[in-house]
Amino acid sequence: MEGLNPLVLNRIEKMKALKREGVNPFANDFQVTHATRDILEEFQDKTDEDLEKIKTRFSLAGRIMSIRDFGRAFFLHVQDRTGRIQAYIRQDKIGKDNFKISKMLDAGDFIGIIGKPFRTKSKELTIMVEEIRLLTKALRPLPEKWHGLVDIETRYRQRYLDLIVNPGVKEVFYKRTRIIQLLRDFLNKRDFLEVETPMMQSIPGGATARPFKTYHNTLNMDLYLRIAPELYLKRLVIGGFERVYEINRNFRNEGMSTQHNPEFTMLEFYQSYATYQDFMNLTEEMLTCIAKTFFDGFKFEYQGVELDFTPPWSRITMKDAIVKYGELNEGDVEIEEKLLEYAKGSGLQIDKKMGLGSIQNQIFEKVVEPKLLQPTFITNYPTDISPLSRRNDKNPQEVDRFELFVCGREIANAFSELNDPIDQKQRFLEEISQREVSDDDSGILDKDFIDALEYGMPPTAGEGIGIDRLVMLFTNVASIRDVILFPQLKSRR
RNA sequence: GGGCCGUUAACUCAGUAGGUAGAGUAUCUGCCUUUUAAGCAGAGAGCCGCUGGUUCAAGUCCAGCACGGCCCA
C-alpha cells in the first residue's frame, strides 16, 4: 500500500538504477576518519591560504539534509551526530561517470565523502569532494526543510524524524544524559554505590499508586511493575551497603498529563548515618552543580519565571507554609473544623475519612504548591501521610521529612527513614486499612520487608528525585513528553 | 471523566457565503560549475481523519467515533 506513494516509488526506481550501475545502495565498507565538528572546529578560523596548504584528506559520513543543484556541480549539506557541513561536488573533480551516479542522490540518503575543506565565496567552510559514495538509500523523503516537522503527534510517534530535522530536540536529550551523568558523578564521588533492584515485584510498595499488573507463566504468579524501588534499596542498606542509589524506571498506572508519563525515571539514594537535614544541604549542592554546569551561575529562566538557585534555599514547615500562603490564622492549621471550612472555601472536596494530616496536605497541594516558585524545602510533614518516614523526636505527629518545590512542582522527596520495625508494621497496617477495596495486591503487607527491618537498619536518610521533571526544569521544557524519547501515546490501530 | 481547539498533497499551511481543491517546500522535466530558503521555465501529485445525517450539491453545516493538543477534575 505504501508503494502507491509516487515519492517512494521514485526513490525505489533510483535505487534500482543505481544497482544497475553497480552501486550497492546499502554499502557497508566506508571508512570514516572525521566528524563534521572536528573539521569545523579545526578550520573554521583558518585563512584561505592556510586551507590551500592542507595536504590530508578527510573522510566523513552522514545524512544529506539538502541539495542545491547547478547542472555540472551541486552543493549539499551533510549531517552527522556532531553537526552539519556543506560539501561541493563538481563533475570535473569526480569524473563524468561518478558524477552521473551522484546526481541520483536525494536528501535523506546517507553518503560518505572524501575531500578537503575550502571556503566558498559566501565564506562557508565546505568540503571540496574528491570521492563520494552512497551508503544508504532513503526510500522516504524527509519532512520539509525550513519548517521542519511541526505536527506534535508525528514528532512523538516518529521521534526519529523529529531528531533528524529538529536540532533543538537532540539538544534536549543530550542535556538529559548530561544531567544524569552529573548526578552519577556527584554520588559516586561521595562513595555511593549504584545498584539495580527489581522492576517486577510481587508486592508493589514504597509509594501510593496504582501499579501495572503482569503475570509470570512458569512461576504461575502475578507480578507488578514497580511503583518505587524504595523497599528494595532499604533492604540493601540493611545488608550493609550504607550508601546506595538507583536511577531507573518506575511505572504508575494513573493519569497522564504534561507532568505525568506512565513510566518515568527516578533517582533514589540512601545514606546511612545521615538525616533529612543533611540531605537538604546535599540536594542544594547537587542541583546547583547542575545549574552551574548549564548556566554558569545560579540563575536561569524556566517558562518565563526567573529562578534563583543561590543557596541556601528557603526552608519552611508545611504548617507555616499553609499559614503564610493560605492566609490562615496561625492556630487554625491544627483545628480540623477550621481547615475543613477553609478547604470548602477553596473548592476542595474533602473525604470525611481523612485525618488532620491529609486535610493539611490537600490544602497545601492546592493553595501553597503553585506559589512555591523559587526552590523551597517544605519540612515537618504530617505522620499520617508519610508511612515510611521517621517520626520527629519532639512531635510524633510529624515526621523528619522534606519535599523540594521549584516552579510549583515537587522535585525531590526525602526523609530520615523509619527504622523501627514495630512502628513500620503498624503504619503499614493503618495504611492498608484506610485503602479502598481494590482488586490488586497493592494493599498487601510486605512482611519480608518488616522481617528485614527487624534485623536492624542503621539510621538512614533517603531521597527520591524525579529525573524527567528535573530535566524539564534545566531544559526549559513545558511537557514531560519533550524529555522522554518515546512518550506513551494511544495506539493508532 | 468534562470543556475548548486541531486533523486538507510527503512536509508546512490556505480554503471566502455550502457550488467538483490551492500555495510554498519536496518530487519530476529542461537550463545553469561558489550556492545556501540558490535561480528561471514547465509538469505531476489529494480517501479534505473515519462513519453517518441534512442538502440538488458538503473540505465547509449537524451527529457520533478515532487520534492529538491545552485546560479542568
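Sequence lines set the chain letters: A, B, ... in the order given, protein chains first and strands last, and positions in each chain run from 1. For the numbers below, each heavy atom of this structure counts, side chains included, while hydrogens, waters and symmetry mates do not.
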Ring centroid separation A/Phe43 to A/Phe58 under 6.0 Å
yes
Does [X] put a side-chain nitrogen or oxygen below 4.0 Å from OP1 or OP2 of [N]?
X        : N     : answer
A/Asn10  : B/C28 : yes
A/Lys14  : B/C28 : yes
A/Arg140 : B/U27 : no
A/Lys366 : B/A73 : yes
A/Arg157 : B/G68 : yes
A/Arg72  : B/C32 : yes

Choose from [options] the nucleotide whose nearest atom is closest to any side-chain atom of [X].
X        : options             : result
A/Arg90  : B/U12, B/U33, B/C32 : B/U33
A/Thr120 : B/U35, B/G69, B/C11 : B/U35
A/Ser479 : B/U35, B/C70, B/C32 : B/C70
A/Leu149 : B/U33, B/U12, B/C32 : B/U12
A/Asp106 : B/U12, B/C32, B/U27 : B/U27
A/Pro141 : B/U34, B/A10, B/U35 : B/A10
A/Thr258 : B/U35, B/C70, B/A10 : B/C70
A/Glu144 : B/U25, B/A10, B/C70 : B/U25
A/Phe118 : B/A10, B/U34, B/C70 : B/U34

Between [N] and [M], how far apart are the two [atom1] atoms, rounded to whole Å?
N     : M     : atom1 : answer
B/C56 : B/G42 : C1'   : 39 Å
B/A57 : B/A26 : C1'   : 35 Å
B/G19 : B/G15 : C1'   : 14 Å
B/C40 : B/U35 : C1'   : 15 Å
B/U25 : B/G2  : C1'   : 40 Å
B/A58 : B/U51 : C1'   : 15 Å
B/U29 : B/G69 : C1'   : 42 Å
B/C61 : B/A43 : C1'   : 37 Å

Taking A/Glu130 as the fixed residue, which of A/Lys93, A/Arg57, A/Lys116 is the one that meets the salt bridge (charged side-chain N to carboxylate O under 4.0 Å, His left out) rule?
A/Arg57
Opposite nucleotide pairing with B/G44, Watson-Crick or G-U, both atom distances under 3.5 Å:
none
Under 3.5 Å, is there a donor-acceptor pair linking the side chains of A/Asp320 and A/Thr317?
yes
Has A/Arg401 got its NZ or CZ under 6.0 Å from the middle of the six-membered ring of A/Tyr381, at an angle within 45 degrees of the ring axis?
yes
Any carboxylate oxygen within less than 4.0 angstrom of a Lys/Arg side-chain nitrogen, looking at A/Asp106 and A/Lys137?
yes
Side chain to side chain contact (heavy atoms under 4.5 Å, CB included) partner of A/Pro117, chosen from A/Thr126, A/Ile85, A/Ile54:
A/Ile54
Give the rounded distance in Å between these two atoms: CZ of A/Arg119 and P of B/U34.
18 Å
Are A/Phe70 and B/C32 stacked, counting the six-membered base ring, centres under 5.5 Å, planes under 30°?
no
Does A/Asn28, at its CG atom, have more than 12 non-hydrogen atoms belonging to other residues, nucleotides or ligands within less than 6.0 Å?
no
So for A/Asp92 and B/U33, does any side-chain atom that can act as donor or acceptor lie under 3.5 Å from a complementary atom in the base?
yes
